[in-house]
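The model shown is predicted, which means the values in this text are computed figures rather than measured ones.
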Amino acid sequence: MIETPSLVDQYCHGVLRTELGLGTFEAHLSRTEGPPAPGTTLFDTQTGFAVRRWCPPLLGLEPHCTPARYLARRRELGVLESGRRLLRGSGITTYLVDTGLPGDLTEPGELASAGAAEAREIVRLELLAEQVADTSGTVESFLANLAESVHAAAANAVAFTSVAGVRHGLALAPEPPGPGEVRGAVGRWLAGRGVGGELSDPVLLRHLLWSAVASGLPLQLHAGLGAPGLRIDRTDPVLLTDFVRATAGLGTDLVLLNGYPYHRHAAHLAGVFPHVHVDSGAALVRTGARAATVLAEILELAPFGKILFSTGAQGLPELHVVGARLFREALGRVLGTWVAEGAWCLADAQRVAGMLASGNARRVYGLD
């Protein structure tokens, strides 16, 4: 029996504070550009089946109950009580929370209280720059305020995260942009944006990445599947190879988030470069009953000290539950098989399980 007594969720978001109907609940199960095909439901996905397997018992129902019965029980308990039961049943003891998503999501402190856990903030670089731009009237004030904001954020956050791959693609020039190049890009962006306008300029994205590298905090980079409509060929982590090489030896750890379906590419980079780590969790939520296969593929290439667990959950506390349960099940199945076959001893399997579940994250993010 492979045990993982506690989990550090090294990348997630808050949960919704509002009650959800069937349609709105389903919309959070899968990131699609529209509704499911007529006569079908998004519960009929690997994620939906995982929710029905693992979440009903935490609310006093039998596993695999119907979606209608499950959501009726959820409404009966209320959003706060159902969220509390689900989060506390996940086995997650520390949440590292990206607070950069819009919507009525709980803050890290609220998530910690509901889950009887600890929580720390991850700062999203692009949102930080957009907030600075909303209050900066000139290029010079923007650059000064941005530098100050990055410095202030680094004093309290455990990491920076970037969605450069979502906004532009990961095939960015690897070197830091020059001062003149940055000023020109800032001027064009400020002149053409309204309040709240998104940052997608490749020069400014590079400037943000290198600002984060200079801070010394771990830098998380989104790769693989992401927002609906995203061209995932632009988010293959192998496109980061030159940037990874350029940041080697500077003292900043890079963490490749998700990566699926390019998780082997992410694992390869973690195996080649000492400062690169790979996320093992969010892909498992998408693959459900096939999660053990995906985890085994990551374990083929990445050193065991470079693999970190996460749920990538956002909106639904159910996604924290299924991320944690699928990780535990997949890890137990993969490592247990290797022990049973005589390839590993139980002591080594247990030690590696602890590394993936929490030990690696505690080391990378300085949580001890």
Side-chain angles (χ1 to χ4, degrees), residues 7 9-16 20-37 39-59 61-71 73-74 79 82-83 85-87 89-92 95 98 101 103 105 166 222-230 232 235 257-263 279-298 309-333:
L7 296 172
D9 188 347
Q10 65 109 21
Y11 184 79
C12 66
H13 304 274
V15 300
L16 289 163
L20 300 175
L22 179 60
T24 49
F25 186 95
E26 280 191 49
H28 289 277
L29 290 178
S30 180
R31 299 177 191 176
T32 66
E33 291 193 50
T40 70
T41 169
L42 291 175
F43 269 101
D44 288 334
T45 59
Q46 289 284 6
T47 303
F49 270 45
V51 167
R52 291 177 54 217
R53 164 62 183 91
W54 295 112
C55 296
L58 296 176
L59 302 188
L61 299 172
E62 69 280 5
H64 309 295
C65 70
T66 65
R69 180 180 172 129
Y70 176 76
L71 291 177
R73 175 60 173 164
R74 201 179 189 272
V79 65
S82 59
R85 293 189 185 193
L86 290 163
L87 292 172
S90 70
I92 296 169
Y95 298 95
D98 175 1
L101 281 183
L105 299 176
V166 177
H222 290 247
L225 295 178
L230 178 68
I232 66 168
T235 61
L257 296 176
N258 190 2
Y260 187 80
Y262 306 114
H263 50 289
D279 172 50
S280 68
L284 308 188
V285 176
R286 291 179 177 272
T287 51
R290 293 281 294 170
T293 300
V294 175
L295 181 60
E297 290 172 346
I298 295 172
F309 161 75
S310 81
T311 64
Q314 66 180 67
L316 301 179
E318 284 84 357
L319 298 179
H320 292 276
V321 173
V322 298
R325 294 299 180 96
L326 288 170
F327 172 76
R328 281 195 164 104
E329 287 288 307
L331 192 62
R333 190 178 305 174

Visitor: Donor-acceptor check, side chain of T24 to backbone of L20, threshold 3.5 angstrom: yes or no?
Guide: no
Visitor: State whether the side chain of T47 and the backbone N or O of V285 hold a donor-acceptor pair below 3.5 Å, judged by distance alone.
Guide: yes
Visitor: What are the two closest non-hydrogen atoms of E329 and W54, and how far apart are they?
Guide: CG-CZ2, 3.5 Å
Visitor: Hey, mind stepping through Y95 and T311 against side chain to side chain contact (heavy atoms under 4.5 Å, CB included) and telling me if it holds?
Guide: CA-CA 10 Å; Y95 298 95; T311 64; over 6 Å; no
Visitor: Residues in side-chain contact (heavy atoms from CB on, under 4.5 Å) with A292, at least two apart?
Guide: A330, R333, V334
Visitor: Between L86 and L59, is any pair of side-chain heavy atoms under 4.5 Å apart?
Guide: yes
Visitor: At their closest point, which heavy atom of A283 faces which heavy atom of T287, and how far apart are they?
Guide: O-OG1, 2.9 Å
Visitor: If you measure from OH on Y260 to CG on L284, what distance do you get to the nearest 0.5 Å?
Guide: 10.0 Å
Visitor: Quick one, R52 and P67 - any side-chain contact, counting heavy atoms below 4.5 Å?
Guide: yes
Visitor: Contact between H28 and L16 at the side-chain level, heavy atoms closer than 4.5 Å - yes or no?
Guide: yes
Visitor: Measuring from S82:OG to R73:CZ, what's the distance to the nearest 0.5 Å?
Guide: 9.5 Å
Visitor: Enter the distance from H222:NE2 to T235:OG1 here, rounded to the nearest 0.5 Å.
Guide: 11.5 Å
Visitor: For side chain to side chain contact (heavy atoms under 4.5 Å, CB included), just list the numbers for F327 and D9, CA-CA rounded to whole Å, side-chain angles, deciding distance to a tenth of an Å, and then say yes or no.
Guide: CA-CA 11 Å; F327 172 76; D9 188 347; over 6 Å; no
Visitor: In sequence, state the C-alpha distance, the side-chain angles, and the governing distance for R286 and V294, and then conclude on side chain to side chain contact (heavy atoms under 4.5 Å, CB included).
Guide: CA-CA 10 Å; R286 291 179 177 272; V294 175; over 6 Å; no
Visitor: Heavy atoms, side chains only, cut-off 4.5 Å: are L58 and R325 in contact?
Guide: yes
Visitor: Would you say that L295 contacts L331 through its side chain, given a criterion of any heavy-atom pair below 4.5 Å between the two side chains?
Guide: yes
Visitor: Is the shortest heavy-atom distance from the side chain of Y11 to the side chain of D279 under 4.5 Å?
Guide: no
Visitor: Give, for atom CG of L257 and atom OG of S280, the distance between the pair rounded to the nearest 0.5 Å.
Guide: 11.0 Å
Visitor: Only distances under 3.5 Å count here; give the side-chain donor-acceptor pairs of residues 312-324 to other protein atoms, sequence neighbours excluded, each with its distance to 0.1 Å.
Guide:
from: Q314; atom 1: OE1; to: R31; atom 2: NH2; distance (Å): 3.0
from: E318; atom 1: OE1; to: R74; atom 2: NH2; distance (Å): 3.2
from: E318; atom 1: OE2; to: Y70; atom 2: OH; distance (Å): 2.6
from: E318; atom 1: OE2; to: R74; atom 2: NE; distance (Å): 2.7
from: H320; atom 1: NE2; to: H13; atom 2: O; distance (Å): 3.4

Visitor: Would you call R328 and L7 a side-chain contact if the rule is heavy atoms closer than 4.5 Å?
Guide: yes
Visitor: Quick check: closest heavy atoms across L101 and L105, and the distance to 0.1 Å?
Guide: CB-CD1, 4.0 Å
